Q: 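Handing you a structure now.
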Number of protein chains: 2
Amino acid sequence: MNNTTLKQIANQLGISITTVSKSLKGYSDVSEKTKNAVIELANQLNYTPNSFAVNLRTKESKTIGLIIPTLVHDFFSNVIQGILEEAEKRDYLVIILQSNEKFEFEKKQIDLLLNKRVDGILMSLSNETGEFEHLKTILSHNTPLVLFDKIAKLVNCSKVTINDRKAAYDAVSYLIKKGYKKIAHFRGSYLPQNSIDRFLGYKKALEDNNIIYDSSLVYVCDNNMDFENGYENAKKVVNEHPEIDAIFAVTDLVAVGIIKYLNEVGIAIPTQIAVLGFSNWFMSSVISPKLSTIDQPGFKIGRKSASILFDEINLKKNNLPIVFQSIELATSIIERQST
Amino acid sequence: MNNTTLKQIANQLGISITTVSKSLKGYSDVSEKTKNAVIELANQLNYTPNSFAVNLRTKESKTIGLIIPTLVHDFFSNVIQGILEEAEKRDYLVIILQSNEKFEFEKKQIDLLLNKRVDGILMSLSNETGEFEHLKTILSHNTPLVLFDKIAKLVNCSKVTINDRKAAYDAVSYLIKKGYKKIAHFRGSYLPQNSIDRFLGYKKALEDNNIIYDSSLVYVCDNNMDFENGYENAKKVVNEHPEIDAIFAVTDLVAVGIIKYLNEVGIAIPTQIAVLGFSNWFMSSVISPKLSTIDQPGFKIGRKSASILFDEINLKKNNLPIVFQSIELATSIIERQST
DNA sequence: TTGTAGGCGTTATCAT
DNA sequence: ATGATAACGCCTACAA
């Protein structure tokens, strides 16, 4: 039991709580002698400040909240690692919550964090999220908020993303340059900004290369952009459009599903159909054929988001004005065997 | 800003804080009229109790801590999901920390959680952890502790694991039954209980089947049992022991490394060398050949660990005696293409 | 039925 | 150099 309090130390030493507190916090107006006595006894009793009391006094929790769609996810795990690393540096703790891609959960998790009075919130939106009142609630509580990856463009806060549109544009341009002409796109669901942007990048790349955009070559992966989606849509596209020679997938997990299907039915990758993923999950480098993909720097996104959030928390604490940032981190094409 | 306090409500209504508090908590000794007035105003002002004050008063944080070796990890992500699900049910929040497989970090993270005064701690030990004073610190703080997966047998607390020794025994017996005779084992590092137990299961299965145990067929994966380890050790074993016909890997990630190497050098799986993994990571079902493995129920382990922890937290709160449990969850062999 | 008073443990202000 | 006092916001004996 470590329930030593300032009071106990004060009593044992026959001095006031105030003096004990000052000694421990290195105030100058305490004599060396008392200070040392206090520090020694504190160490001996293994004193640590009661964080509940400190929170109440200082009105900060030294804790931030993180809401992500799902944890079992290569990209988000990497984001979290980046966040934890930054938090650790600053002696902050991180409470992690999942929205499970549900708008209702997302709202609930926000309430939990707000009630807990975390000092700031990091979020990537769920696929269902199409309105943003709940985010404005955060801002109205005056709690710093940083959005990353799946963001709301219209909400007034800092954001960290990649340039999804450009990344997709480059990706599809790369396919075209390699000679692929009939390129299907397996897109994400309709709401998330990043799936919209990747789709727009795809479309623009086709147009800029004089390939007529054909909406029937676009398949939607609306079940969390997962493996099954890729598998099932691959089956469909092969039936409906045997003429395609490449598929650009919204994310690696979908691409892995595609590859699995193509492998099963004996369609050669990339000679018959090329597959290009997005995100560079670890798994992509160990499947056969190894997946070509776009590197999306999850760890860096996490670090940057957290670092901006902590800056804003500090600015707020010092009553300084906050200037919101919109950061876009660089991506690159990773060419492997599937293209 | 949502800084409504009991005091403000009391002032606006011209009554005492006590009465407001009682009304909101449904005490019987408040007149219907005042109670309703209070509740109405509270809703209107969007009152929520200040959790800092509640924590200080009640001495509980409604928060638990979780320390795992690493987050970017199929098994641990699944564990976390199980934990979050149980926590959510009980309105508990979860602070997640990584040890990065370092003993020093593990100690530090424990201190952080203890200082934060979490109501309980869930842990899976790092590969470096060979002494357990830091765990006893937790217990001496009277903070409930549940260990899972990588546990310390000698520490007096509840534990949730699989029966690693039996699972490995069954796994190797299965290989033998399929006709494999020269079976190498890529084991984990020397300290973690589960890597010891898997090794012992391997050895026992050989002996029970009249295969002489050959220590030179055991390779250690001491770099976090990762992909590279599997790859490098596969290279070694093929050189040093070309006669082997199967490899039993301590975990899927290692197995995936093995498969990658064997594929690269054109060794046929399973006809020349069979590969059996452990843990059933998602990835294992999508690589080629699909990996045979042992299913280790991460989600269930997380749920069970959390549920035991919450039970202990409640018992402690009610000053009831706690009986520590040691739970072993069932595993099963998943036969795919690599064996 | 309502309110007073004290305490949870820390910190900050203001006297001494 | 030291300490008394109040305050953070909530809860709960114990009056009234």
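Only this structure's heavy atoms are used, side chains among them; waters, hydrogens and symmetry mates stay out. A quick note: this is a predicted structure, and the numbers were derived from the prediction, not measured. So that the names make sense, note that chain A is the first sequence line, chain B the second, and so on, each numbered from 1.
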Q: With heavy atoms under 4.0 Å as the rule, sort B:Ser21 into base, sugar-phosphate or nothing.
A: base
Q: NZ of A:Lys59 versus P of D:dC8: gap in Å, rounded?
A: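 After rounding, the gap between these two atoms is 7 Å.
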Q: Counting side-chain heavy atoms from CB outward, which of C:dT10, C:dT2, D:dG9 is closest to B:Val30?
A: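 The listed nucleotide nearest to B:Val30's side chain is C:dT2.
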Q: Establish, with yes or no, whether the OP1 or OP2 oxygen of C:dA12 is under 4.0 angstrom from a side-chain nitrogen or oxygen of A:Tyr27.
A: yes
Q: Starting from C1' on D:dC10, measure out to CG on A:Asn115 and report it in whole angstrom.
A: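 Rounded to the whole Å, the gap is 15 Å.
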Q: Can you measure A:Leu13 atom CG to D:dA1 atom C1' for me and round it to whole angstrom units?
A: 15 Å
Q: One thing to verify: whether A:Arg90 and A:Glu86 come together as a salt bridge, which I'm taking to mean a side-chain N less than 4.0 angstrom from a carboxylate O.
A: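 Salt bridge present between A:Glu86 and A:Arg90.
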Q: By nearest heavy atom, map B:Thr18 and A:Ile17 onto DNA chain D; which one lands nearer the 5' end?
A: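 That would be A:Ile17.
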Q: Could you check whether any side-chain heavy atom of A:Lys159 comes within less than 4.5 Å of a side-chain heavy atom of A:Ile308, counting everything from C-beta outward?
A: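 No, too far: nothing below the 4.5 Å cut-off.
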Q: For C:dG9, does OP1 or OP2 lie under 4.0 Å from any side-chain N or O of A:Thr5?
A: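 Checking A:Thr5 against C:dG9: no side-chain N or O falls below 4.0 Å of OP1 or OP2.
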Q: Output the rounded distance in Å from CD (A:Glu60) to P (C:dT11).
A: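 The answer, rounded to whole Å, is 11 Å.
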Q: How long is the gap from CD1 on A:Ile301 to CZ on A:Phe76, to the nearest 0.5 Å?
A: 9.0 Å
Q: Should the side chain of A:Arg57 and the base of D:dA7 be counted as holding a donor-acceptor pair, with the cut-off at 3.5 Å?
A: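 Yes.
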Q: Thinking salt bridges, do A:Glu101 and A:Lys150 make one under a 4.0 Å N-O criterion?
A: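 Result for this pair is yes, salt bridge flagged.
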Q: Rounded to the nearest angstrom, tell me the gap between atom CZ in B:Arg117 and atom P in C:dC8.
A: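 Rounding to the nearest Å, CZ of B:Arg117 and P of C:dC8 are 13 Å apart.
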Q: What verdict does the side-chain contact (heavy atoms from CB on, under 4.5 Å) test give for A:Val30 and A:Val38, after you've listed the backbone C-alpha separation in whole Å, the side-chain angles of each residue and the deciding distance to 0.1 Å?
A: CA-CA 11 Å; A:Val30 184; A:Val38 168; over 6 Å; no
Q: Select base, sugar-phosphate, or nothing to describe what A:Leu56 touches, counting heavy atoms under 4.0 Å on all strands.
A: base
Q: If you count heavy atoms of other groups shown closer than 6.0 angstrom to NZ of A:Lys300, is the number above 12?
A: no
Q: For C:dT10, does either OP1 or OP2 sit under 4.0 Å from a side-chain N or O belonging to A:Tyr47?
A: yes
Q: Rounded to whole Å, how long is the line connecting atom CG of B:Asn55 with atom C1' of C:dG7?
A: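 Rounding to the nearest Å, CG of B:Asn55 and C1' of C:dG7 are 16 Å apart.
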Q: Think A:Lys7 has a side-chain N or O under 4.0 angstrom from the OP1 or OP2 of C:dC8?
A: yes
Q: It should be established whether A:Thr19 places a side-chain nitrogen or oxygen under 4.0 Å from OP1 or OP2 of nucleotide D:dT2.
A: no
Q: Strictly below 4.0 Å, N to O, side chains only: are A:Lys22 and A:Asp29 in salt-bridge contact?
A: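 The answer is yes: the pair qualifies as a salt bridge.
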Q: Take the protein atom CG of B:Asn50 and the nucleotide atom C1' of D:dC11, then report the distance between them rounded to whole Å.
A: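 B:Asn50 atom CG is separated from D:dC11 atom C1' by 13 Å.
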Q: Please test A:Ile96 against B:Val94 for side-chain contact (heavy atoms from CB on, under 4.5 Å), starting from the C-alpha separation and ending with a verdict.
A: CA-CA 6 Å; A:Ile96 301 178; B:Val94 183; over 6 Å; no
Q: When you compare the side chains of A:Lys116 and B:Thr63, does any donor N or O come within less than 3.5 Å of an acceptor on the partner?
A: yes
Q: Counting a pair only when it is Watson-Crick or G-U and both distances are under 3.5 Å, which runs of at least 3 such pairs involve DNA chain D?
A: C:1-16 with D:1-16
Q: If you count every heavy atom of other residues, nucleotides or ligands that lies below 6.0 Å from A:Lys35 atom NZ, does the total exceed 12?
A: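 Yes.
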Q: Considering only heavy atoms, which members of residues 33-42 of chain B lie under 4.0 Å from some atom of DNA chain D?
A: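 Contacting residues: none.
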Q: Test side-chain contact (heavy atoms from CB on, under 4.5 Å) on A:Leu6 and A:Leu24; report intermediate values, then the result.
A: CA-CA 9 Å; A:Leu6 293 182; A:Leu24 256 17; 3.8 Å; yes
Q: Could you give the CG-to-C1' distance, from A:Asn11 to D:dG3, as a whole number of Å?
A: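 These atoms are roughly 14 Å apart.
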Q: I'd like to know if the side chain of B:Asn78 pairs up with that of B:Asp74 as donor and acceptor (distance under 3.5 Å, no hydrogens or angles considered).
A: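 B:Asn78 vs B:Asp74: donor-acceptor pair found between side chains.
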Q: Can you name the atoms? Protein N/O to nucleotides 14-16 of chain D N/O, anything below 3.5 Å, with the distance.
A:
none

Q: Got a second to check how far B:Leu139's CG is from B:Cys157's SG, nearest 0.5 Å?
A: 6.0 Å
Q: Return the 5'-most residue of the pair B:Ser31, A:Leu6 with respect to DNA chain C, ranking by each residue's nearest nucleotide.
A: B:Ser31
